[in-house]
Structure formats: structure tokens, C-alpha cells
Amino acid sequence: MKKYILSAIAACAIIPVMGAIPVYLDDSRPIEERVEDALGRMTTEEKVAMLHAQSKFSSAGVPRLGIPEFWTTDGPHGIRPEVMWDEWEQAKWTNDSCTAFPALTCLAATWNPDMSLLYGKSIGEEARYRKKDILLGPGVNIYRTPLNGRNFEYMGEDPYLAGEMVVPYIKGVQDNGVAVCLKHFALNNNEVNRHTTNVVVDNRTLYEIYLPAFKKAVQEGKAWTIMGSYNLYKDQHACHNQYLLNDILKGEWGFDGAVVSDWGGTHDTDQAIHNGLDMEFGSWTNGLSNGASNAYDNYYLANPYLDKIRKGEVGTEELDDKVHRILRLAFRTTMDRNRPFGSFNSPEHLEAARKIGEEGIVLLKNDRSLLPLDLSTPKKVAVIGENAVKMMTVGGGSSSLKVRHEVSPLEGLKRRLQGIADVSYARGYVGDPTGEYNGVTTGQDLRDDRSPEALMAEAVDLARNSDYVIFVGGLNKAAGQDCEDSDRSGLGLPYGQDALIEALAKANPNLVVVNVSGNAVAMPWVGEVPAIVQAWFLGSEAGNAIASVLTGDVNPSGKLPMTFPVRLKDVGAHALGAYPGVKRVDSPIVDLEYKEGILVGYRWADTKKVKPLFPFGHGLSFTEFTYGNPVADKSVMTDSDTISISLDVSNTGRTAGAETIQLYISDPKSSVIRPDKELKGFQKVFLQPGESKTVRFSLNKDDLSYFDAERHEWVAEPGVFIAKIGASSGDIRKTIKFKLK
Ligand code: GLC
């Protein structure tokens, strides 16, 4: 009997006494209850401490309550190497070399949401493994000018494509218990004067072009944090902006996450308190020596805010809202005991990087079906150009990485052609022989003091004596190229590449130009070059992805996420002189008016009938596809209807391949100006030779609408609409008319 009594007492002892686990620590309770409970336990000082950085990339938790710190990391393409507590310089860790995934322009060029989910999952696992809670990316700023230094970090010129492609990336990352930090919100569409540009844009353009990708990322992607941008809008810095953050993001869109400043994007305590900023990072202090002993206490949302509260100059309502959001972020990340553990530099991540690269590479031109390389008999292959050897994962600004490895195009081709072809290399030109960013060096010695003439002569001679010539050039991550905090000065290729390409074309008709860039470039030699490939910045597996496509191991299926104009003047912003803006008198502010309005990218080219070099959505294949006649399930639709349009697409060639069928909407008769066409649907289908598949699109009133700024709502005008279905914005294969009642 005694034994039973003892066991009964023992049993009671292990039943937790109700209330012994505080609600905020009880995983079984809803997040909102846990937030309220934690908030109620915090002092004002602890709340203010959560609002700002404590080091270059981290912010405080609540040590007394066991709520962890937040660790953030760049960037959109891979996990940045560790830096010193309060420096941009390297911490010189030896365990933080990562996998570099392709740049987001390449991801967008896959037009494949599955690739986006794979990307987000993979980079999210790397961030999680590196114990980072907030990934400072992805970016979805719209490609307004081909000069913007950071276009390579974004997803092109069309808000629908960017929105569709960013949502799965966000899900993939956040499924790891890591928050994305969607950036840069908003209107950060060039780098020159990025801290002082005040963007002037009409509301219709703002809502139709520059906001939709962010809105979809917030409302469908459920982004947990978003980063304010450096520029101003309506004379307020975007990091504390009543219109963008309070009215639109938190008001109209119902964003329940935290707004993070860009590093150094905070400029005023009152505005930071009242205009929607929640977490302040990177304010211009060096953290430990400049000013007070710990300059982080001098942040705008640090002691200056605390002082205002203590003096009764401001209440704590805004403070509690900010901390509520930050605690919600904590329970989604650092306080989530069930989040996965991630992984780092796994074979799966390298495979993902290669697959995304292979699917994003765009075959722009392929006369005489020069590609894929015919390797049925031994061949001599000349590889020429600096970008065949130059590492592209170091540099470019905050997205710069320290990688476990990076396969260059030359290495990739040598590996793939080993024993099959004789591969030789010539530099051709010298562009940027340096290779260092924030203390990370490529370790390459690309110095070459031969004259341009000598370099060209060597390349032309090699080309003349080869069966194939593969020129790998383009841009790079140096300032003034594809790089943060600077824009390009022109559309053309740098370093005399045009002359070299023309010389190579004369030396050997079997010339393939592989352009490595995150931006469109001018191609004055386009008529002399039979095969052109847009290869983006592809990360760790660059050379393998390029070799797969050039040899036909992979049939290219990428499509351009931005227009390649013939010349700069063919771009709305430049045709109207609406870049880089006009500096105010006696003020550092530069006013930049988006005079082209909604006519960005193909919206300008197609409406103004300016033929591009290569249109938005363009991309060839090694096989052919035919489009059947589209059929609609109704010819008249109402406001509350959806219309479904379907068509059969067939692979009529000899190799398997994938085609992205694009559906654009056109409103031929409208009371307001509307673009010639607007992308409202796309489907990527993989087809075996001879195979057909039915592709379906469904459209509703919203898809037909324009934004009426006066009424502040989306309006679809009754009348005839045309669905334009094609392989690109410049290659409409089929159309079908229908009416909106
Ligand atoms: C940079 C960039 C931003 C980056 C941040 C931290 O200036 O604008 O994209 O995440 O600062 O490096």
C-alpha cells in the first residue's frame, strides 16, 4: 500500500503546477497570447533596447526573460561571411564559406515558381544552419533603368512576374524559421544618389508598377519583415514614411511583421517613432568608439526615444506596437522550439544552385542552330574573355559572398569537354583584375599588363585556329558595373569588348557570345554573332550550368525578365530625361520624377513601338513549340466572374524542352492610357518531343483593372479585352477576344 501512496505522491510532483510555465514560454499557447504576456513582463528600457541594433548585424532580445537576440545576415544570394561585432570587415571565421546561389535576375528568368521554392528552401537552410534569424533579402525593386547597379539582385521589370516569383522564395526561407526581410521598400530603382533621391511618382504608377510585387510578398508570401529603402518619397525617408509604412504597408495591406531600416536609413527620432519604423540598424556610428562608449545607445530609437518617454514628450503606444511586432517576429523565429536545424554547403544546395542556373540561362539567338556544340567529332574549342575565369561571387556590395567554391565558365567547360574536345583559353581583354570586398578576396591574380592590341591579337589568332569560339564577357561586380551604391554610366559593354567580339566574329563564324551580367547590355555586333546566351551571375555552379546548356545536356528554357533595349534612349526613363534627377538648390535632395509613369520596360517599348534588341519574356530553345488555338469558357464575363482560357502547346522538335507560355491583357478601348499589353499569367510546361499539354489561364476583374488614383481603387472598364498569348512580349502567337460586361 505504502508503495502506491509513494508513487501517487511522486506522480503529483511531476504534474506541473498550473501557471508554473509562463505563457510566453508555453509553446502550446497561441503566438498572440505569448506576445501579450511577454510584453506585459518587459520594462520600458527592455522594450526600447529591442528597437535598435546592438552590433553591426544583431539586435537585443530580452536577456532577463530568456528571449534571444536577433541575428540578421545578408544577402539574397547566399549567407554573408561573419563580420566583426561592429565592423564591415571580416571576422575571419573559417567555418562560414557558403553556397552561392544564382542572382535573383536568374531566378526570375526561370519563370518557374518551383525553382523559387527550391531557392528559398536552400538558402533558408543555410541561414538557419548559420544561426541567422533574419535574411536580408529578397529584393523586388522594379527594373526601371538598365543602369541601376543593383538590378542583378532583383526580379525584373514586370510587377506580376516579380510577385509570382518572390512568394515561393519567401515560403521556402520562412519554413526554416528564418524571416525574410523583403527589400527595398520602396522606389529604390537606382543607386546613384540613393540616400538623397526623393522619388516623385504619380499614385497610379506607384500602385500599378512599384507596389504590386511587395504587396503580393506581404499578403501571399507573408513576409515577416520588410526593409525600408534609403531614398525618400514625398520628402520623407522611406525607412520612416507615413505614406509607405503606415498608410499602405501596415494600413491597407495589414502587414503584421516588423519594418527594418536599411543600414543607415534612419535619420530622425520623431519620424522613426511615428512613421512606422520598428527596428533601426546601421545608423552611421561605428558602434564602439565613435561618440558615446556604446554608440548604439545613441541610435535614434535608443536613448533619444527613451528620454522623450521619460519626459512625457511621447507616450508608449507606438513603443508597444513596435515591440509587439518584434515579439511576434521572435515567436516565429528565435522562440520557435520546433524550427528545423538547416544545413550548409550540402550537395543538395549545390545541385539547387546548378539547376536554377541551368533553368535561368536564356538562349537569346541561335542562328544555324550553332548550339548545342556538335561534339560528335573531336573539336578545338577556344574560350575567350575575362568573365570565363573571373570569380563573380565576391563584390557587388552587400550581396558579396565568401564561397566554398565557384566553378568558373572555363573550368566548367574544361570539365565537361574533357576527353571530347581540346579547350584553349585567351584573356582577350583586361577589365577588373581586382577581387576583394570587405576583406574577402577571390585569391585570383588576374593582373595582365599586355596591351589591348596584344590581348586581342592572341585571342583572334586562337579563334582563327579553332572549331568553336566561346566568348565569355559582359559586366562584373566592380563599382560602376553590377554593384551596389553606383550605377553604370552607359548601356554598352566595358573594356573594349565590342571591338573584340567583332574581331572574333571575323576570325571565326562559329562564335558564341556568353554575356555574364545582371543587366541588359547593348550589342552592336548582334548581326555578326550567330549565337548569344544571357548567363547572369550564376554563383557556385556557374561553369557547370553554362557548360550544361552549351553542350545540350540541358535544353535552355530561360526567358528574359527585362527588356534588352537597342540603345538607352529606347527606355522610357531615359527617353524623357527622367534619370538621375534634379538636385535642389541649397539642399542635398535630388528630385527624381518618374515621368514615364506606368510605361516601364516592355510597357514602353510596345506602346511606343520601339523595337527592342530582345523583348521581355524572350528566350529560345533547342526544340520548337507550337501553340494551338485558345478557347475561352465564355465570351462575356461579369465583374464577379472568372474567364478561363486554355490552349494546347506541343513540342514539335526532336528534343525535350520547356516553354513558358505568357498571357498578356490588352484593353483596346479605354478612357485612360493603358499599355499595349500587361503580363497577367504564365505557365512553364516541360514537354517530350511530340508531346502536347493543355495550358489553362483564369482571369478575373482584377486582372483587367487599372488603378484609378482619384477613386483610389482598381477599376476594370466594361468592353472588349484581348488576351495576347505568346512566347514573349514580342512574339504573340495567338489572341482571343472577350467582353467584360
Ligand atoms: C546595404 C544594403 C542592404 C543591406 C544592408 C546590410 O546598404 O542597401 O540591402 O542588406 O545595407 O548590409
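Order of listing sets the numbers, starting from 1, for every ligand and every atom in it. Since this is a predicted model, take the numbers as computed values, not measurements. Side-chain atoms are counted along with the backbone in the values below, which use heavy atoms only and exclude waters and symmetry mates.
- Close N/O approach between Trp88 and ligand 1 is not found [any backbone or side-chain N/O within under 3.5 Å].
- Ring-plane geometry between Tyr129 and Phe344 is classed as parallel, the angle between the planes falling under 30 degrees on a 0 to 90 degree scale with a further cut at 60.
- Of all the heavy atoms of Arg194, the ones lying under 4.0 Å from any atom of ligand 1 belong exclusively to the side chain.
- At a cut-off of 3.5 Å, with distance as the only test, a side-chain donor of Tyr594 or Asn189 sits close to an acceptor on the other residue.
- Close approach to Glu484 involves these atoms of ligand 1, each under 4.0 Å from a residue heavy atom: 1 (C), 2 (C), 7 (O), 8 (O).
- In summary, the atoms of ligand 1 found under 4.0 Å from a heavy atom of His184, numbered by their order in the structure, are 3 (C), 8 (O), 9 (O).
- Ion pair Arg325/Asp321 flagged as a salt bridge, since at least one NZ, NE, NH1 or NH2 atom sits closer than 4.0 Å to an Asp/Glu carboxylate oxygen.
- Ligand 1 places these atoms under 4.0 Å from at least one heavy atom of Met227: 10 (O).
- Listed by number with element, the atoms of ligand 1 under 4.0 Å from a non-hydrogen atom of Leu136 are 10 (O).
- Residue Tyr230 has at least one nitrogen or oxygen atom sitting less than 3.5 Å from a nitrogen or oxygen atom of ligand 1, judged on distance alone.
- Near Lys183, meaning under 4.0 Å from one of its heavy atoms, ligand 1 places the atoms 3 (C), 4 (C), 9 (O), 10 (O).
- When only modelled atom types and interatomic distance are considered, Glu318 and Tyr305 share no side-chain donor-acceptor pair under 3.5 Å.
- Counting heavy atoms closer than 4.0 Å to ligand 1, residue Glu153 contributes nothing at all.
- Geometric assessment of Lys477 against the ring of Tyr437 yields a negative cation-pi assignment under the 6.0 Å and 45° thresholds.
- Of the listed residues (Asp74, Thr72, Val260, Leu135), the one carrying the non-hydrogen atom nearest atom 6 (C) of ligand 1 is Asp74.
- Proximity of His195 to ligand 1, defined as any heavy-atom pair under 4.0 Å, is not found for any part of the residue.
- Shown in contact with Arg80 at under 4.0 Å from a heavy atom are these atoms of ligand 1, numbered in order with element: 12 (O).
- The side chain to side chain donor-acceptor pair (under 3.5 Å) with Asp278 is formed by just one residue from the set Lys250, His324, His52, Lys322; it is Lys250.
- Between Asp96 and Lys402 there is a salt bridge, since at least one side-chain N of the basic residue sits less than 4.0 Å from a carboxylate O of the acidic one.
- Neither the backbone nor the side chain of Phe281 has a heavy atom within less than 4.0 Å of ligand 1.
- A salt bridge links Lys390 to Asp432: at least one charged side-chain nitrogen sits closer than 4.0 Å to a carboxylate oxygen.
- Electrostatic pairing of Arg130 and Glu82 counts as a salt bridge here, judged by a charged N lying under 4.0 Å from a carboxylate O.
- Of all protein heavy atoms, the one lying nearest to atom 11 (O) of ligand 1 is Asp262 OD1, 3.1 Å.
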